[in-house]
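Remember, predicted model here, so these are calculated numbers, not experimental data.
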Amino acid sequence: MGESEKLIGFLRKSVLFRNLSEKDLRKISLNFEIVNLPMGEVLFYEKEEGGDMYVVLEGRVRASLFDEHGNEFVLAEIGPGEFIGEMSMIDELPRSATVIAQENTRLAKLRRDIFFRIIRENQDIAINVIKALVARLRKTDDMVEALAFRSVEGRIVKFLLKLGKEKGVKEADNYRIRKMTHRDLASRVGASREAVTKALKTLNFKGVLKDTGNFWLISAHAEEAIDP
């Protein structure tokens with residue numbers, strides 16, 4: 001399969017373009033530029049100027065915020081078929097986060113002027129953009145709720161259960177999840193590494209999380225066993 005056909009296939013499954021006709025997909029695909037981003041490389045930095053939008057074709061990137069000490073808070077992880085960079089493209093303000101490749105990643109880049117021309121010609125895309133932005137806003141609401149009202153233990157359990165349901169393996173009443181470093185986990189739940197280490201010990205003591213070497217086993221009923 002040629003590069004053009006691969007791109008059309010990914011656009012067909014993406015949240016923005018999946019309702020378009022084959023003819024429109026082929027026409028739109030001609031406006032994209034392919035970008036290869038090696039693992040660990042930065043696509044763009046927070047507060048950087050830029051108006052391009054990207055659709056992830058292969059691999060995965062994460063959108064993060066960093067404090068003055070280099071501590072990272074992961075806002076979102078974006079995989080194949082999803083898009084990134086739409087906020088600056090729409091409001092013409094600087095980037096709101098730093099985006100980094102979590103693995104070798106292939107993206108399709110679309111310039112702001114071309115995107116708005118495409119929207120004028122295909123109004124269904126505008127509807128898809130609204131739906132996708134609302135979905136992201138709901139995820140942000142969930143994140144704010146967790147940071148405002150949940151303990152570090154509660155945030156860890158919420159994150160690991162979500163991860164277990166999406167990527168883990170169900171074993172009886174547990175999810176088996178590949179372990180990550182305490183620093184990486186801290187960046188996902190908005191806490192310090194030290195607080196995460198302490199919370200993991202507490203969860204292990206309560207019996208809702210078990211360390212099996214390369215994996216964690218978290219109880220499917222973990223949320224019922226901890227304080228909010």
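The closest side-chain heavy-atom distance from Asp52 to Glu33 is not below 4.5 Å. When side chains are defined from C-beta on, Val208 does not count as touching Glu224, because their heavy atoms never get closer than 4.5 Å.
Panel note: side chain Thr98, backbone Glu46; a donor-acceptor pair is recorded below 3.5 Å. Side-chain N or O atoms of Arg155 include one that pairs as donor or acceptor with a backbone N or O of Gly190 at under 3.5 Å. Without hydrogens or angle criteria, Lys179 side chain to Gly213 main chain gives a donor-acceptor distance under 3.5 Å. Ser88 places no side-chain N or O within donor-acceptor distance of the main-chain N or O of Gly51, the cut-off being under 3.5 Å. Arg95 contributes no side-chain N or O that, together with a main-chain N or O of Glu48, makes up a donor-acceptor pair within less than 3.5 Å.
Salt-bridge check for Arg26 with Glu5: passed, with a basic side-chain N closer than 4.0 Å to an acidic carboxylate O. By the 4.0 Å N-to-carboxylate-O rule, Glu22 lies close enough to Arg12 to be salt-bridged with it.
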For Leu43 and Thr105, what are the C-alpha separation, side-chain angles and deciding distance, and is it a side chain to side chain contact (heavy atoms under 4.5 Å, CB included)? CA-CA 10 Å; Leu43 181 62; Thr105 302; over 6 Å; no
Residue pair Leu133, Val129: steps toward the side chain to side chain contact (heavy atoms under 4.5 Å, CB included) verdict: CA-CA 6 Å; Leu133 291 177; Val129 169; 3.8 Å; yes
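A side-chain contact (heavy atoms from CB on, under 4.5 Å) with Leu107 is found for exactly one of Leu57, Leu37, Asn36, namely Leu37.
The number of heavy atoms from other shown groups lying within 6.0 Å of NZ (Lys170) is above 12. Shown here is Lys162, whose NZ atom has no more than 12 heavy atoms of other residues, nucleotides or ligands within 6.0 Å. Environment of CE in Met39: sparse, with no more than 12 heavy atoms of neighbouring residues, nucleotides or ligands closer than 6.0 Å. Residue-environment remark: OH (Tyr45) stays at or below the threshold of 12 foreign heavy atoms within 6.0 Å. Within 6.0 Å of CD on Gln123 lie no more than 12 heavy atoms contributed by other residues, nucleotides or ligands. Atom CG of Asp67 has more than 12 neighbouring heavy atoms from other residues, nucleotides or ligands inside a 6.0 Å radius.
Sorted by first and then second residue, the side chain to side chain donor-acceptor pair (under 3.5 Å) pairs with a member in residues 191-201 read His182-Thr197; sequence neighbours excluded.
Remark: Ala135 pairs with no residue by the side chain to side chain contact (heavy atoms under 4.5 Å, CB included) rule, at least two apart or across chains. Checked against side chain to side chain contact (heavy atoms under 4.5 Å, CB included), Ile114 has the following partners two or more places apart in sequence or in another chain: Asn31, Leu110, Arg111, Arg117, Ile118.
In this structure, CG in Leu185 is found 5.0 Å from CH2 in Trp216, a value given to the nearest 0.5 Å. To the nearest 0.5 Å, atoms CD (Glu223) and CZ (Arg150) are separated by 5.0 Å. Between the CZ atom of Phe83 and the CE atom of Met53 there is a distance of 7.0 Å, given to the nearest 0.5 Å.
Between Phe32 and Phe17, the ring planes are perpendicular. Angles over 60° get that label, and only those under 30° would be called parallel.
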